[in-house]
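The next block holds one structure in the form of structure tokens; read it before the comments.
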Amino acid sequence: MMSPVQLRTELARRLDRSIKDIWGDSSPDGPHAEVSRSDNLEFGDLSCNTPLKLAGILRENPRRIAERILDDCRGDLPGISAVSVDGPGFINMTLSQGHLAEVCLNLAVKGLKAHLPDTGRGRSALVEFVSSNPTGPLTVGHCRQAVLGDAISNLLEAVGWKVSREYYYNDGGRQMRLLGESLSVRYAGGDGSDIPEGGYRGDYLTRWAGELRESMGDGLDWERDRDSFIGFAEEKAMEMIREDLSLLGIEFDRFFSESELIPLGVEAAIDGLSAVEVDGGRLVYSDPSSPVKLWIRFTALGRPKDRVIRREDGSYTYRMPDIAYHMDKFRRGYDMIVDVFGADHLDTSRDVVAALEAIMGEREVSRRLKVVIHQFVTLLRGGERIKMSTRSGEYVTLAELVEEAGSADVTRYLFLTRRPDAHMDFDLDLARKESGENPVYYVQYAHARISGILRTAEEAGIRVPVEYTDGLAGPLSGDHERELMRLLESVPVEVASCAESMEPHKLTELLSVLATGFHRFYQHVRVVDVEDPSGSSARLMLCQACRQCIAGVLSVLGVSAPDRM
RNA sequence: GCGCCCGUAGCUCAGCUGGAUAGAGCAGCGGACUUCUAAUCCGCAGGCCACAGGUUCGAAUCCUGUCGGGCGUACCA
């Protein structure tokens with residue numbers, strides 16, 4: 001049978017065919033039919049507004065257009081038991097009881113993933129996220145990005161992409177030097193006043209200093225042993241970052257450092273850029289003060305400013321390795337490359353994209369590279385905004401956040417209830433005390449409730465049917481049963497659409513609708529009834545289908561689905 | 001100054017590739033447990049969708065401007 005996604009595609013195709021049959025080529029550029037969910041039950045389950053869109057082009061009454069389309073294909077619409085023309089010219093369709101029951105049975109037996117389209121077709125995707133430099137623990141801002149990047153990865157996997165999660169970090173440069181020097185101050189027993197301008201003041205440095213003394217003695221000196229301090233700090237920081245990520249259940253396939261990258265391809269990338277000519281001039285030019293110092297003429301690429309990419313001393317500014325890293329990702333052949341960045345990286349990202357386009361062409365870059373930018377998180381504690389800065393040591397860490405929120409489940413879920421480009425206030429006190437009324441518990445509770453019903457049914461010897469039979473639809477003809485079936489039938493479509501647009505926050509919305517749908521059903525319909533085994537079995541199938549949907553979507557979000565609460 | 005993002009119910013936010021009466025959670029008020037988990041459900045109340053223009057048969061959704069908030073505007077990352 002057709003999956004819900006396939007059904008909609010097929011319905012749109014039939015409607016399109018009728019449009020073509022009737023008007024032929026008189027509207028060659030006319031819109032393609034689209035079938036979408038009716039948001040009101042009185043308009044059926046599925047709806048098509050194409051007649052309204054055609055009205056202007058064909059200069060004909062939209063209702064009349066809708067009627068002519070229906071006259072042509074009525075009776076030839078799979079899975080549909082009734083059609084009508086309503087309002088200004090919508091075509092509304094009602095899914096047949098049999099189709100709904102069959103989809104639910106399949107959901108119950110095979111699970112949600114079996115109903116998602118294989119849009120990835122095994123192609124490879126690289127998702128880069130977090131990419132925080134190893135200068136301290138991960139904080140709240142990274143937390144949003146970690147959760148978002150991981151959920152996007154899961155979503156892509158759910159529709160058939162082969163995903164690699166990658167973490168890129170800069171382990172060279174001024175920041176790492178400052179970190180090493182800050183460590184050396186603590187190591188030498190100095191108080192905060194000796195920490196250099198712009199250095200790091202977090203408590204963790206004092207802790208590392210102790211560990212460094214234990215393993216290396218106290219004979220190290222900053223001027224002489226810079227690499228030891230910096231190397232030790234980097235190692236410790238990455239260790240801490242991995243631990244923080246594991247608190248959220250996030251694992252990367254690869255941690256890729258700038259120092260690995262530089263010998264691989266930065267000079268080659270510069271050569272590539274140097275070969276590009278724009279507006280009759282070179283894209284890369286050297287500074288009058290030194291042939292080593294290089295600029296990229298970003299202004300010729302529509303960007304606001306030219307930028308230095310290599311300094312007089314031969315070292316690179318941060319944009320250059322970023323460009324080279326992206327060229328490396330393209331070179332590795334991924335079919336899709338996803339960057340998840342915070343808003344503070346937007347400008348850099350635009351420059352990187354512009355440089356890539358200059359080398360590979362706009363089409364290639366826009367086809368393969370997707371950039372997801374998320375806005376910042378403001379943390380509220382006791383009604384106060386918490387100012388955060390890694391360097392000053394004033395911040396709330398990811399670990400503290402998970403601890404205060406109560407669990408990784410709550411943390412992940414709450415971060416995914418906002419769309420990435422919306423600013424987010426995260427109220428710690430609320431997250432903590434809300435526990436009983438938290439949206440995540442609401443959803444998990446629905447899952448636990450269903451699990452309870454399944455246990456009760458098992459004791460009563462009632463099972464979920466394994467195959468579809470015509471008898472299944474009958475007991476499910478009540479309004480509450482149908483309402484739930486209609487909702488479940490739409491879940492694969494919604495998840496597929498979230499994957500297409502890479503918007504995991506819509507899944508939390510879907511889950512909340514799903515949980516409400518189930519709770520309402522539960523309130524009104526008794527599932528297990530020993531007097532009515534066949535009806536019980538049919539209703540049990542609905543519960544199991546619902547459980548599969550909730551668990552399936554939760555797993556995409558990386559949130560657990562408990563059987564008891 | 002310039003660029004990008006946001007401004008929807010008391011609070012936190014969905015909805016934004018234009019469509020049929022603007023949604024949810026929390027907070028408020030009123031109801032529902034001898035029955036598979038009341039961490040639930042049902043009802044009431046709450047909105048010039050920041051403001052002003054424009055495009056359209058139709059705008060929370062698209063365009064322009066204004067105001068308010070965030071981020072960026074480093075040879076830091």
Side-chain angles (χ1 to χ4, degrees), chain A residues 34 36 38-40 42-43 47 49 52-53 55-56 62 86-90 92 131-133 135 169-170 172-178 198 258 287 293-295 303-305 307-313 315-322 342-350 373-376 378 380 390-391 414 417-427 430 434-446 448-457 459-460 462 501 505-506 508-509 512-513 515-516 518-529 536 539-540 543 564-565:
Chain A
E34 278 176 29
S36 60
S38 309
D39 40 42
N40 190 324
E42 67 185 278
F43 300 135
S47 153
N49 67 1
L52 290 164
K53 293 182 193 274
D86 300 298
F90 291 94
N92 290 325
S131 293
S132 160
N133 290 339
T135 56
Y169 63 100
N170 301 102
R174 206 173 83 94
Q175 297 308 325
M176 292 307 292
R177 210 162 52 243
L178 282 166
E258 183 184 340
D287 194 86
K293 184 170 176 179
L294 296 179
W295 293 73
R303 299 292 306 148
K305 285 184 178 175
R307 304 280 180 177
V308 172
I309 52 169
R310 192 170 67 194
R311 300 186 189 91
E312 201 167 337
D313 66 0
S315 64
Y316 307 108
T317 65
Y318 62 91
R319 271 181 177 76
M320 192 54 234
D322 268 9
D344 55 340
H345 278 64
L346 178 72
D347 203 52
T348 308
S349 173
R350 292 281 165 85
I373 301 283
H374 73 266
Q375 296 297 317
F376 277 40
T378 307
L380 303 173
T390 308
R391 295 180 199 179
L414 290 181
T417 56
R418 307 311 184 228
R419 44 188 236 286
D421 53 7
H423 301 268
M424 183 174 178
D425 281 338
F426 197 104
D427 189 331
L430 199 71
E434 204 181 29
S435 59
E437 291 139 15
N438 208 297
V440 65
Y441 293 124
Y442 177 76
V443 171
Q444 288 181 320
Y445 181 58
R449 257 187 162 177
I450 298 172
S451 302
I453 296 173
L454 290 166
R455 286 191 293 270
T456 305
E459 283 163 24
I462 291 164
S501 56
H505 72 279
K506 290 187 176 172
T508 58
E509 196 78 9
S512 129
V513 170
T516 299
F518 176 75
H519 285 313
R520 184 178 296 155
F521 168 81
Y522 176 92
Q523 207 73 27
H524 295 97
V525 179
R526 171 80 199 182
V527 177
V528 178
D529 177 3
S536 296
R539 288 187 293 270
L540 196 62
C543 293
R564 295 174 199 272
M565 284 174 76

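Values below: all heavy atoms of this structure, side chains included; hydrogens, waters and symmetry mates excluded.
A:Tyr522 has a side-chain polar atom (N or O) that falls below the 4.0 Å cut-off from OP1 or OP2 of B:A38. Proximity of A:His505 to the phosphate of B:G15: a side-chain N or O atom is located under 4.0 Å from OP1 or OP2. Of the side-chain N and O atoms in A:Arg449, one or more sit less than 4.0 angstrom from OP1 or OP2 of B:A38. Contact check, A:Arg419 against B:A14: a side-chain N or O comes under 4.0 Å of OP1 or OP2. Taking only side-chain nitrogens and oxygens, A:Lys305 never comes nearer than 4.0 Å to OP1 or OP2 of B:G72. Proximity of A:Tyr445 to the phosphate of B:A39: a side-chain N or O atom is located under 4.0 Å from OP1 or OP2.
Look at B:C44: its Watson-Crick or wobble partner, with both distances under 3.5 angstrom, is B:G28. Summarising the base pairing, B:U37 is matched to no nucleotide, lacking a Watson-Crick or G-U wobble pair whose two defining distances lie under 3.5 Å. Within the shown strands, B:G70 is the pairing partner of B:C4 under the Watson-Crick or G-U definition, both distances less than 3.5 Å.
In this structure, A:Tyr169 reaches neither bases nor backbone, as no heavy-atom distance under 4.0 Å exists between it and the strands shown. Note on A:Asp313: nothing from the nucleic acid sits closer than 4.0 angstrom, heavy atoms only. Among the atoms of the strands shown, base atoms are found under 4.0 Å from some heavy atom of A:Arg526. Counting any heavy atom pair closer than 4.0 Å across all strands shown, A:Ala422 reaches sugar-phosphate atoms only and no base atom. At a threshold of 4.0 angstrom between heavy atoms, the contacts of A:Asp421 are confined to the sugar-phosphate backbone, with no base atom among them. At the heavy-atom level, A:His423 lies under 4.0 Å from base atoms of the strands shown. Residue A:Val440 is out of contact with every strand shown, counting any heavy-atom pair closer than 4.0 Å. Counting any heavy atom pair closer than 4.0 Å across all strands shown, A:Arg564 reaches a base atom. Using a 4.0 Å heavy-atom cutoff across all strands shown, A:Ser132 reaches no nucleic acid atom at all.
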What string of B, S and - do you get for nucleotides 54-61 of chain B 5' to 3' if you count protein non-hydrogen atoms under 4.0 Å? --------
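Comparing B:A24, B:A39, B:C75 by their nearest atom to the side chain of A:Ser512 picks out B:A24. When distances run from any side-chain atom of A:Val527 to the nucleotides B:C71, B:A14, B:C36, the shortest one goes to B:C36. In the set B:U37, B:A14, B:C75, B:C75 carries the atom at the smallest distance from any side-chain atom of A:Thr317. Considering only the side chain of A:Lys293, B:C75 comes nearest among B:A14, B:A74, B:C75. The side chain of A:Val528 lies closest to B:C36 when the candidates are B:C36, B:A20, B:C13.
Under a 3.5 Å cut-off, the side chain of A:Asp313 and the backbone N or O of A:Ser315 do form a donor-acceptor pair. Proximity of a side-chain donor or acceptor of A:Arg418 to a complementary backbone N or O of A:His423 within less than 3.5 Å is not detected. A donor-acceptor pair is defined here as one N or O able to donate and one able to accept, closer than 3.5 Å; no such pair exists between the side chain of A:Ser512 and the backbone of A:Thr508.
Residue-nucleotide stacking is not present for A:Tyr442 and B:G25, judged by a side-chain ring centre under 5.5 Å from the six-membered base ring centre and planes under 30° apart. With centres under 5.5 Å and a plane angle under 30°, the ring of A:Phe90 is stacked against the base of B:A20.
Taking 4.5 Å as the limit, some side-chain heavy atom of A:Arg455 sits within range of a side-chain heavy atom of A:Arg564. Side-chain atoms of A:Phe518 and A:Cys543, non-hydrogen and from C-beta on, do get closer than 4.5 Å to each other.
Rounded to whole Å, the separation between the C1' atoms of B:U12 and B:U56 comes to 34 Å. With P as the reference atom, B:U61 and B:C5 are 16 Å apart, rounded to whole Å.
Donor-acceptor pairing under 3.5 Å, judged by distance alone, is present between the side chain of A:Asn92 and the base of B:A20.
Mapping A:Leu454 and A:His345 onto RNA chain B by nearest heavy atom places A:Leu454 closer to the 5' end of the strand.
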